[in-house]
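Below, all heavy atoms of this structure are taken into account, side chains as well, without hydrogens, waters or symmetry copies. Source: prediction; values computed, not measured. Counting begins at 1 with the first residue of the sequence. All ligand and atom numbering here is 1-based and tracks the order in the structure.
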Amino acid sequence: MNTGITSNTRSCDWLWPLLKHHSLMMLLGLLLSLIALLSGMGLLSLSGWFLSATALAGLTVTTAQAFNYFTPAGGVRGLSIARTASRYGERLVTHEATFRALTTLRSLAWRALLPLGEQRLGGERRGELLNRLVADIDTLDHLYLRLAVPLCSFVLGSLLLVGFVAWFDPAKALLLGGGLLLSALCLPALFYVLGRRASRGQVQGKRDYRIALLEYLSAQGELTLFGAREGYRAALDERERTWQRTQAWLASLNGIGLGLTIFIHGTLVLLILLLVSGGVGSNQPPGALAALLLFAALSTMELLSPLSTAFAQLAGTLEAANRVDDLLTAPPGVQFVSQGPTVTEGRIELKGIDFAYPGGAPVLKGVALELAPGSSTALIGKTGCGKSTLLSLLTRCWEPVRGEILLDGRPLTAYSEAELRRAITVVSQRVHVFSASLRDNLLLANEAATDAELTAVLAKVGLGHLALDCWLGDGGRPLSGGETRRLGIARALLRDSPILLLDEPTEGLDRHTEAQMLRLLLAHCRGEAGESAGAEGAAVGETKALAKGERKQGRTLLMISHRLTAMAQMDQICVLEQGQIVARGDHAQLLADFAPYARQYRR
Ligand SMILES: Nc1ncnc2c1ncn2[C@@H]1O[C@H](COP(=O)(O)OP(=O)(O)OP(=O)(O)O)[C@@H](O)[C@H]1O
């Protein structure tokens, strides 16, 4: 079984549709970048020529009067306006294109993340996922902004510049072209190699720091109680320093790159200066054309300068792209059909189910179980014997290794995900309280429920003292463990599904409340109004607030429990031991025939 979202094969198939989707804007950005570059180079060359030509024209009255100042002056002004405007437009358009592409990519990543489920994401840490969704995707802005745009501008700008110089003097154009080509071959390769480790280290360092920071923040309570906060903080600081060291090396590389570019550029300009002093083409002496070529050579700085920076960080960018690729191309943990039948009865059959977590020992061995529609079954057994695992097979968080699960006589795989979620209500061991109002926390279970229905349910589970507008969770009122359980039960009561799976729903509640909650859940499954836990609930229980949600035929109930409360009310009790059902029957049968059950019950 393949798990996790890391793969060794790369397709990056998502990149091309993404580029295609934003291609117009990206091309416009590229065009504006090229216009800005060419107008900058044109401005420098024309200004150089204009100054020299003006100076030379002023040597005699005749040449001074014959010289046309206006056209080049207009050209200088036009180019400077074009340069400013296109540079502004380029920044605007390229950043807009990048942000749009990243937005699309982020929503693609979310869409890819959701179907991965427990199987693929179970082993991933929260910080790691956050990192893939935020930092790795952000790093990809480098691909277009700092790599594609400067590189295309370099190639097109160089060709046009060399062609322009060749028009006056092919030999000097050859030198200029040769210098640019050599730089294009050496600088990227050199800085890719020099920056490879550091740029990967930077991506890795950021990831490690984020993960450790999230863990540190969410484990504050534990770290404080065990006096481990300082040690953990020191480890966190050390990670930050490692990350900063890679950043410092990359910054130094940028400096070295700039220095080297200035050196190459200076050498090129010097060589051109030496050559133009001997004449430009057939112009001997060269006159103002010497300045034109010299300033044209000077303008290559704009072409050369982004090369070293872009390639120093390329390895890190590719690393981030690979990690995003892993996420976007990971196959879903479980495949659901898009359309399927509807669950009506709620009959469940498990036939010869074997299951093991990837790389782990067998957890379930040949489990066979039948739950009749509207029946109630308790699954009991020691910690770690596989009870919760069995529930996660019923909800298709995992697939059995062998055997078959039937729902209303059809394989579980025949149902769409939406239908399965509608048909099965789960109260899991961990009830998540959202940082939202109590109303919103309840509406999660049934969006259509009215305030009267919500209030009635709250009264039933003994939370009638809380207002619906009361803010819960991280940013609001913290609920006690017992209150959180009651909230989970309230959510289950709000749902009208034919099947109810309960994973130790009353864990942490006192015996009296536990019995009360179980009576409530059993009444809900039988389609009765049920009793209320609070005094005010009695009145509300009489209302027909929940009438819509009550089913005539009753709901199929499967409840996992450690304790034997309410077992007498169960139609069937199964005892699971090391992944196998070792005893089954109703309460009276097990008391009579299965000694460990009788012993536990009497304890
Ligand atoms: N996602 C997982 N990956 C690998 N092993 C797992 C995973 N979840 C559970 N296990 C292992 O499978 C075994 C059965 O776990 P399970 O949670 O089903 O037991 P349980 O009977 O529900 O226990 P408890 O009563 O304590 O909740 C345990 O050994 C557990 O460590």
**OP:** Using a strict 4.0 Å threshold on nitrogen-to-oxygen distance, state whether E404 and K351 make a salt bridge.
**Re:** no
**OP:** Output yes when the distance from some N or O of ligand 1 to some N or O of G384 is under 3.5 Å, and no in every other case.
**Re:** yes
Original post:
For ligand 1, which atoms have a heavy atom of E504 less than 4.0 angstrom away?
Top reply: 25 (O), 27 (O)
Subject >> Per-atom contacts, ligand 1 versus T389 - under 4.0 Å to a heavy atom >> reply: 14 (C), 15 (O), 16 (P), 18 (O)
Subject >> Salt bridge present between R421 and E417 (N-O < 4.0 angstrom) >> reply: yes
Subject >> Pair T377-Q572, side-chain donor/acceptor within less than 3.5 Å >> reply: yes
Subject >> Donor + acceptor pair across side chains of D510, T513 (<3.5 Å) >> reply: yes
**OP:** Side-chain contact test, heavy atoms from C-beta onward, threshold under 4.5 Å: evaluate it for L520 versus L493 and give yes or no.
**Re:** yes
**OP:** Report the member of I380, T383, L364, L379 with the shortest heavy-atom distance to atom 26 (O) of ligand 1.
**Re:** T383
Original post:
Which ligand 1 atoms are under 4.0 Å away from a heavy-atom of S388?
Top reply: 17 (O), 18 (O), 20 (P), 22 (O), 27 (O)
Original post:
Between V363 and ligand 1, which part of the residue brings a heavy atom under 4.0 Å of the ligand: side chain, backbone, both or neither?
Top reply: side chain
Original post:
Is it true that a side-chain atom of R396 and a backbone atom of L420 form a donor plus acceptor pair closer than 3.5 Å?
Top reply: no
Original post:
Should E419 and R422 count as an ion pair when the cut-off is N to O under 4.0 Å?
Top reply: yes
Subject >> Min N/O separation K387 to ligand 1 under 3.5 Å >> reply: yes
Original post:
Out of curiosity, is G381 lining ligand 1, as in a heavy atom under 4.0 Å away?
Top reply: no
Original post:
Should you measure from each heavy atom of G386, which atoms of ligand 1 turn up under 4.0 Å away?
Top reply: 14 (C), 18 (O), 19 (O), 20 (P), 21 (O)
